[in-house]
Amino acid sequence: MTTTPLDQGVGYGIVLGLGFAFALGMILTTFILRRYNSELVTSEMFNTAGRTVKSGLVGSAVVSSWTWAATLLQSSGVCYRYGVSGPFWYASGATVQILLFATLAIELKRRAPNAHTFLEVIKARYGTVAHIVFMVFGLVTNILVSLMLIVGGSATVSALTGMNTVAAIYLLPVGVVAYTLVGGLKATILTDWIHTFILLIIIIIFSLTAYASSEILGSPSAVYDRLVQAALDHPVDGNAHGSYLTMRSSEGAIFFVINIVGNFGTVFLDNGYYNKAIAASPVHALPGYIIGGLSWFAIPWLTATTMGLSALALENTPAFPTYPDRMSDADVSAGLVLPYAAVALLGRGGAIATLLIVFMAVTSATSSELIAVSSICTYDLYRTYFKPDASGKRLIYMSHVIVCCYAVFISSFSVGLFYAGISMGYLYLMMGCIISSAVIPATLTLVWNGQNKWAAAMSPILGLAFALIAWLVTAKKQCGNLGVDCTGSNNPMLAGNVVALLSPLILIPIFTLIFGLDHYDWKSMMAIRKGDDHDLATTAGMDLENTVGGHEETAAEFEAEQSKLMRASKISKWTTLVMTISFLVLWPFPMYGSSYVFSKPFFTGWVTVGIIWIFCSLGAVGIFPVFEGRQTLIRTSKAIFNDVTGKKHPKMIHAENATAMENENAASGTDTPPKKENTTQSVLKE
Ligand SMILES: NC(N)=O
């Protein structure tokens, strides 16, 4: 793009202006939550949101932290390369991990109810060596995801506004650091909701423009005709009849496998997802993750089916930024398909909308990564190895320092990658090679008492070594060199990813044969303790028992919680397995095997399902959280009114809150799903 559709000023305005607007909004929200809702930002609150978040907000938090720059940009890129199959491979190959993680989330809450991070659980079970190994894999996961966010986001901002890429790299995290520092995990969960809402609205605008109102496109039929022409002009190698309108795509299928492997790593090893499971109240973790996973599916699927196909349909029109050429491979890999399609579809408005969604995706996911890294470094590194008796105040201070240092580190690393020519697309394909050897050992830690500490600690390291060998040897054999183009191509990435994920299936039995079966009794995980926040509560003049998340659980409450989680555990295994098989096998493979090329009515139906699905997502993670939190919203609004008009002092409000929150917790259901009698009770209470 020689001239950019927007001025640099718009770029700075969105990156800095919106960042600070969110930061100010968060300062206000934190003030309101503390003054009217008894929510003090203690160390427990900063890192676990008080373990009281309900399913709608858990769902929107999952959607927003799982919606990366790549979710929008890379998915549109694979659509541009492979046609309609690309968005499906991207979406299904990254949805199932969230669904399956619901099962792991329940196991974590059941077996280690007071944990702050997954790594604490590893330490409690296996000791120091495995703890350090998983800490490194966890941090590398956070680093890879953060790099992808900043590298992909800055490329888009720069392509659309002409803003200097290095400036974009350093400025994108500024606002998010500010609001994360102010509010911790609760802040990120609340802003996640706002981000998700705006993002879904913009995706709906894009899809309705392309398939209903655009003058050049404007209907599935017009898009279909142009895709048929595109396949005649430049047929896709490895697709049935060279068509863009088929699920039979051999390169697409390779991407599918790489995508599945990498995303297992970035969910199962990203402490951010365990954070959200920990933040959820016991009854809300399973529905939260299922709502989140199912809602998220539509985001890459419909975004890419709209923008990737629009790019293919519009690239031979003068409105397309690269006209009369097709996009270069480097631009596709940098994530520029969506921005260019948006400019061709909607002009300046499309460019602004793209900046907004990319900004939303980058900041909300970055915020989740910041909290994840801060909780690992605070609890797993600092409190475990340097200051076991650290007070709540000290832990908060450390969390803040880490958030700032990590942001500077990621920005500087991203600048290095930018100059080395490593794009978001390259990182996306590579992530599984680097991290996924730890997925199976991590999962078995929570679901199998037989895995010994050597199997847990050594299989990720050896698996990583084997994956790197497989990746680089395949690249060398394929191209004779180890340049970025070759190592970033599908076959070497496929070899590295598959070896990384599956090698523990051989390594763990070998370590079990050598060192014997473990007979773990699950007790040390249960013994993990909460942080001591009495000093913070005393300083704030509040009773810790009366703050959200500060309540000390009684034995009876603990027993009740365990029985709910046991029930959720049984339900989650079957539900998530059936959904996974549906997304990975039942839906795509009959279409792949039959080499079906979409007819026009079928394509129209395909797009229509996508649009209906995104509206359901808007209902589930955009509107449902407001409905679910209506009592808190009403209570808080009344409290603000009473305070502002001088009718009631916040001290009186705090006392009333304690009773109101007890009632709300009881009414929000006590089982997953609520048992019949409890449902009746909650209805009676309401
Ligand atoms: N979160 C992903 N894989 O888009």
Side-chain angles (χ1 to χ4, degrees), residues 8 11-12 15-16 19 68-70 73-74 77 135-177 180 262 265-266 269-270 328-336 339 358-359 361-363 365-370 372-374 376-377 401-435 464 467-468 471-472 475 481-489 492-493 496:
Q8 288 199 24
Y12 282 101
V15 169
L16 281 179
W68 304 340
L73 307 176
Q74 173 83 357
M135 192 151 48
V136 172
F137 273 86
L139 286 172
V140 170
T141 303
N142 296 129
I143 290 169
L144 274 171
V145 174
S146 309
L147 290 174
M148 266 188 288
L149 292 166
I150 301 300
V151 169
S154 58
T156 305
V157 172
S158 167
L160 290 175
T161 67
M163 186 173 172
N164 181 289
T165 308
V166 175
I169 285 174
Y170 276 104
L171 293 180
L172 268 171
V174 170
V176 64
V177 165
T180 307
T266 50
L269 303 174
D270 185 338
S328 69
D329 219 44
D331 279 358
V332 176
S333 191
L336 300 183
V358 170
F359 177 84
V362 170
T363 51
T366 302
S367 157
S368 166
E369 296 305 311
L370 286 173
V373 169
S374 112
I376 292 178
C377 294
V401 171
I402 288 155
V403 163
C404 294
C405 293
Y406 180 68
V408 174
F409 167 73
I410 285 300
S411 291
S412 307
F413 202 152
S414 301
V415 171
L417 292 178
F418 168 65
Y419 283 117
I422 304 282
S423 63
M424 176 199 68
Y426 187 98
L427 292 171
Y428 190 86
L429 298 179
M430 188 194 64
M431 62 194 185
C433 299
I434 308 291
I435 56 175
L464 167 63
L468 292 178
W471 173 34
L472 298 176
N481 68 65
L482 292 180
V484 172
D485 283 347
C486 185
T487 52
S489 61
M493 288 295 192

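Owing to the predicted nature of the structure, the values given are computational and were not obtained by experimental measurement.
One finds the CD atom of Glu369 at 9.0 Å from the OG1 atom of Thr266 (value rounded to the nearest 0.5 Å). Considering CD of Gln74 and CE of Met148, their distance stands at 9.0 Å, rounded to 0.5 Å. Atom CG in Leu171 sits 4.5 Å away from atom CE in Met163 (nearest 0.5 Å). Taking CE of Met424 as the start and CD1 of Ile150 as the end, the distance is 12.5 Å to the nearest 0.5 Å. To the nearest 0.5 angstrom, Ile435 atom CD1 is 11.0 Å from Ile143 atom CD1.
When all heavy atoms of Val362 and Ala69 are compared, the closest pair comes out as CG2-CB, 4.0 Å. In terms of heavy atoms, Val15 sits closest to Phe359 at O-CE1, 3.6 Å. For Ser154 against Ala168, the heavy-atom pair with the smallest separation is CB-CB, 3.8 Å. Closest of all the heavy-atom pairs between Cys486 and Ala475 is SG-O, 3.3 Å. Smallest separation of non-hydrogen atoms from Thr180 and Ser367: OG1-OG, 3.5 Å. Taking both residues in full, the closest heavy atoms of Ile410 and Leu147 are given as O-CD2, 3.8 Å, listed atom of the first, atom of the second, then distance.
Sequence neighbours left out, the pairs with a member in residues 157-170 that pass side chain to side chain donor-acceptor pair (under 3.5 Å) are Ser158-Thr165, Tyr170-Ser412. Counting only residues at least two apart or in different chains, side chain to side chain donor-acceptor pair (under 3.5 Å) contacts with residues 414-430 comprise Tyr90-Tyr428, Asn259-Tyr428, Asn263-Tyr428, Ser333-Ser423, Tyr426-Thr487.
The salt bridge (charged side-chain N to carboxylate O under 4.0 Å, His left out) search around Asp329 returns Arg81, not counting sequence neighbours. Remark: Asp270 pairs with Asn142 by the side-chain hydrogen bond (donor to acceptor under 3.5 Å, both in side chains) rule, at least two apart or across chains. Every residue two or more places apart in sequence or in another chain that forms a side-chain contact (heavy atoms from CB on, under 4.5 Å) with Ile434 is listed here: Val140, Leu144, Met430, Leu468. Annotation: side-chain contact (heavy atoms from CB on, under 4.5 Å) contacts of Cys404 (sequence neighbours excluded): Val177, Leu181.
Checked by atom type and distance alone, the side chain of Ser411 never pairs as donor or acceptor with a backbone atom of Val408 at under 3.5 Å.
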For Ile422 and Val151: C-alpha separation, side-chain torsions, deciding distance, then whether side chain to side chain contact (heavy atoms under 4.5 Å, CB included) applies.
CA-CA 9 Å; Ile422 304 282; Val151 169; over 6 Å; no
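The aromatic rings of Tyr406 and Phe409 sit tilted relative to each other, their planes meeting at an angle between 30° and 60°.
Side chains of Leu370 and Ser146 form no contact here, defined as non-hydrogen atoms less than 4.5 Å apart.
No more than 12 heavy atoms of other residues, nucleotides or ligands shown are found within 6.0 angstrom of CZ on Phe413.
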